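Reviewing the structure listed below.
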Amino acid sequence: MNWILLIIAGLFEVGFASCLGKAKETTGIISTYWMGGFFVCLTISMVLLYKATQTLPIGTAYAVWTGVGAVGTVLVGILVFKEPATFWRIFFLSTLITSIIGLKFVSSH
């Protein structure tokens, strides 16, 4: 169950990073709404990360949380913000995904 919470926490990390990107692109009240989304996602992500670390090793949990967030944020960057999807970005993204999966398999929980 805590692995699921950790994955969800990572997805909310993607949410807060994406909200920052959208807030940067907008102005006025719309930017304020995106910043509100940032704080909501940040809070949920941190609470879920905290809950997951109650039974998972902190080093593993943090690495997986940041990895899920990084992978998701890069994908959002490519799909939403039209960032380049170069060979090397996809290659290193794939190695990051492999590392996240590897951490899950070698974890004692």
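The chain is numbered in sequence order, starting from 1. If you're wondering where the values come from, they're calculated on a predicted model, not measured in any experiment.
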Non-neighbouring partners of F92 that pass ring-ring contact (aromatic ring centres under 6.0 Å, His included), sequence neighbours left out: W88
Backbone of L103 reached by a side-chain donor or acceptor of S107 within 3.5 Å: no
Residue pairs, two or more places apart or on separate chains, that pass salt bridge (charged side-chain N to carboxylate O under 4.0 Å, His left out) and touch residues 25-42: K22-E25
Separation of I8 CD1 from N2 CG (nearest 0.5 Å): 11.0 Å
Validation: residues 68-83 side-chain donor-acceptor distances under 3.5 Å, sequence neighbours left out:
{"residue": "T73", "atom": "OG1", "partner": "G69", "partner atom": "O", "Å": "2.6"}
{"residue": "K82", "atom": "NZ", "partner": "L79", "partner atom": "O", "Å": "3.3"}
{"residue": "E83", "atom": "OE1", "partner": "R89", "partner atom": "NH2", "Å": "3.3"}

N/O donor-acceptor pair under 3.5 Å between T60 side chain and L56 backbone: no
Donor-acceptor pairs under 3.5 Å, side chain of residues 35-48 to any protein atom, not counting sequence neighbours: which ones?
{"residue": "T43", "atom": "OG1", "partner": "F39", "partner atom": "O", "Å": "2.8"}
{"residue": "S45", "atom": "OG", "partner": "A9", "partner atom": "O", "Å": "2.8"}
{"residue": "S45", "atom": "OG", "partner": "W65", "partner atom": "NE1", "Å": "2.8"}

Same apolar cluster: L11 and L49, side chain cutoff 4.5 Å: yes
Cluster companions of I30 among Ile, Leu, Val, Met, Phe, Trp, Tyr (side-chain spacing under 4.5 Å): I29, Y33, W34
Single-linkage hydrophobic cluster, 4.5 Å side-chain cutoff, M1 and F105 together: no
Flag, side chain of S31 to backbone of G28, donor-acceptor distance under 3.5 Å: no
same_hphob_cluster(L6, F12) at 4.5 Å side-chain heavy-atom cutoff: no
For K51, salt bridge (charged side-chain N to carboxylate O under 4.0 Å, His left out) partners two or more places apart: none
